[in-house]
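A quick write-up on the structure given underneath.
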Amino acid sequence: MTPPELLDRLLEMHGPQDWWPGEDAFEIAVGAILTQRTSWRNAARAIENLRAANCLGIDALLRMGEGHLQELLKPCGFYRVKAARLTRFCRWLAAHGGFPGLGAMSTPALREALLGVHGIGPETADAILLYACERPVFVVDAYAYRLFGRLGLIDALAQRNYEVVRRRVECALGADSSSLSELHALVVRHGQTFCRPKPLCEQCRLRELCPSALPAHAAAVAGRGSHH
DNA sequence: ACCCAGGGTCATA
DNA sequence: TATGACCATGGG
């Protein structure tokens, strides 16, 4: 199974996902930082706190005290580190002239610059690049490692290598930001519904994606018959 | 009382 | 290089 085929299958199963949930580029970037190892539900609560406090903007966010910011971020967890990360990102963004100022940078240069901001790692950087800047990069997350690994789409040796997985998908799909954003959104959706950390009986769905995946578990499911 | 969630950094071996 | 600890809240 190739990434384009996977995209087609996931689209059939779940339909278009309409990502990223965010009004503008800045809000999308804020969400990318706040949802680190955190459910979107909780990240959204923190974003709504910022909006209600009229602080969902680069200048307003930089003007408020760190303590106040931490209070608003509490619902999304890790609120002290996330307040610091958000502040550092805003300072960096302001120094580059906001999102319009980023347009002059090439995608590789912009990616390196984002990775240079303390608290922004590969996944957060790529989420900002793809969904806020609409650059053609693929966002690799825990769901992607899990699903790709179970599908045998990536070899076992490279299963935890971010760059290897990212390059593989980007080469297969091409520099098409809409396909790349749709695939990442679908991988998340599929992971939240069917591709759980610990295999459950919904692996029936996984077999639809790749009949040769998980032979042992597939056999167990077949032996038990259909659930649901 | 567990496990999980749209990561990243730091200390240690 | 590769694990483990840590950050912290909310839902199932």
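Model, not experiment: these values are computed from the prediction.
- With A:T35 contributing its side chain and A:G31 its backbone, the two residues share no donor-acceptor pair below 3.5 Å.
- No aromatic stack links A:F78 and the base of B:dG8, using centre distance under 5.5 Å and interplanar angle under 30°.
- For A:W40 and B:dA5, the ring-to-base geometry does not satisfy the stacking test (centroid distance below 5.5 Å, interplanar angle below 30°).
- With the 3.5 Å cutoff on both pairing distances, Watson-Crick and G-U pairs in DNA chain B assemble into runs of at least 3 at B:2-5 with C:9-12, B:7-13 with C:1-7.
- C:dG4 sits 15 Å from B:dC3 when the P atoms are compared, rounded to a whole Å.
- Here the side chain of A:Q36 pairs no donor or acceptor atom with the backbone of A:I120 at under 3.5 angstrom.
- Residue contacts shown for A:R88 are absent, as no nucleic acid heavy atom lies under 4.0 Å away.
- Between B:dG8, B:dG6, C:dC7, one nucleotide has an atom nearer to the side chain of A:Q192 than all others, and that is B:dG6.
- Under 4.0 angstrom from either OP1 or OP2 of B:dA5 there lies no side-chain N or O belonging to A:R45.
- You'll find the ring centres of A:F194 and A:H14 inside the 6.0 Å limit.
- Look at A:E163 and A:R166 and you find a salt bridge, because one of the NZ, NE, NH1 or NH2 atoms lies within 4.0 Å of a carboxylate O, short of that distance.
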Could you run down the sub-3.5 Å N/O contacts of the protein with nucleotides 1-5 of chain C?
none

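- Side-chain N/O atoms of A:R80 include none lying less than 4.0 angstrom from OP1 or OP2 on C:dT9.
- Aromatic pair A:W19/A:W40: centroids not less than 6.0 angstrom apart.
- A gap of 16 Å separates the C1' atoms of B:dA1 and C:dG10, to the nearest Å.
- Among all heavy-atom pairs drawn from A:V137 and A:L129, the shortest one is CG2-CB, 3.8 Å.
- With hydrogens and angles disregarded, no donor-acceptor distance shorter than 3.5 Å links the side chain of A:T87 to the backbone of A:R85.
- Taking the side chain of A:A142 as heavy atoms from C-beta on, and the options C:dG11, B:dG6, B:dG7, the nearest nucleotide is B:dG7.
- Using a 4.0 Å cut-off between charged nitrogen and carboxylate oxygen, A:E27 and A:R51 count as a salt-bridge pair.
- Using a distance-only test at 3.5 Å, with no hydrogens or angles considered, a donor-acceptor pair links the side chain of A:E170 to the main chain of A:F138.
- No side-chain heavy atom of A:I154 sits under 4.5 Å from any side-chain heavy atom of A:N161.
- The shortest distance between side-chain heavy atoms of A:C76 and A:K82 falls below 4.5 Å.
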Nucleotide N/O of nucleotides 9-13 of chain B paired with protein N/O under 3.5 Å:
| residue | atom | partner | partner atom | Å |
| --- | --- | --- | --- | --- |
| B:dT9 | OP1 | A:G119 | N | 3.0 |

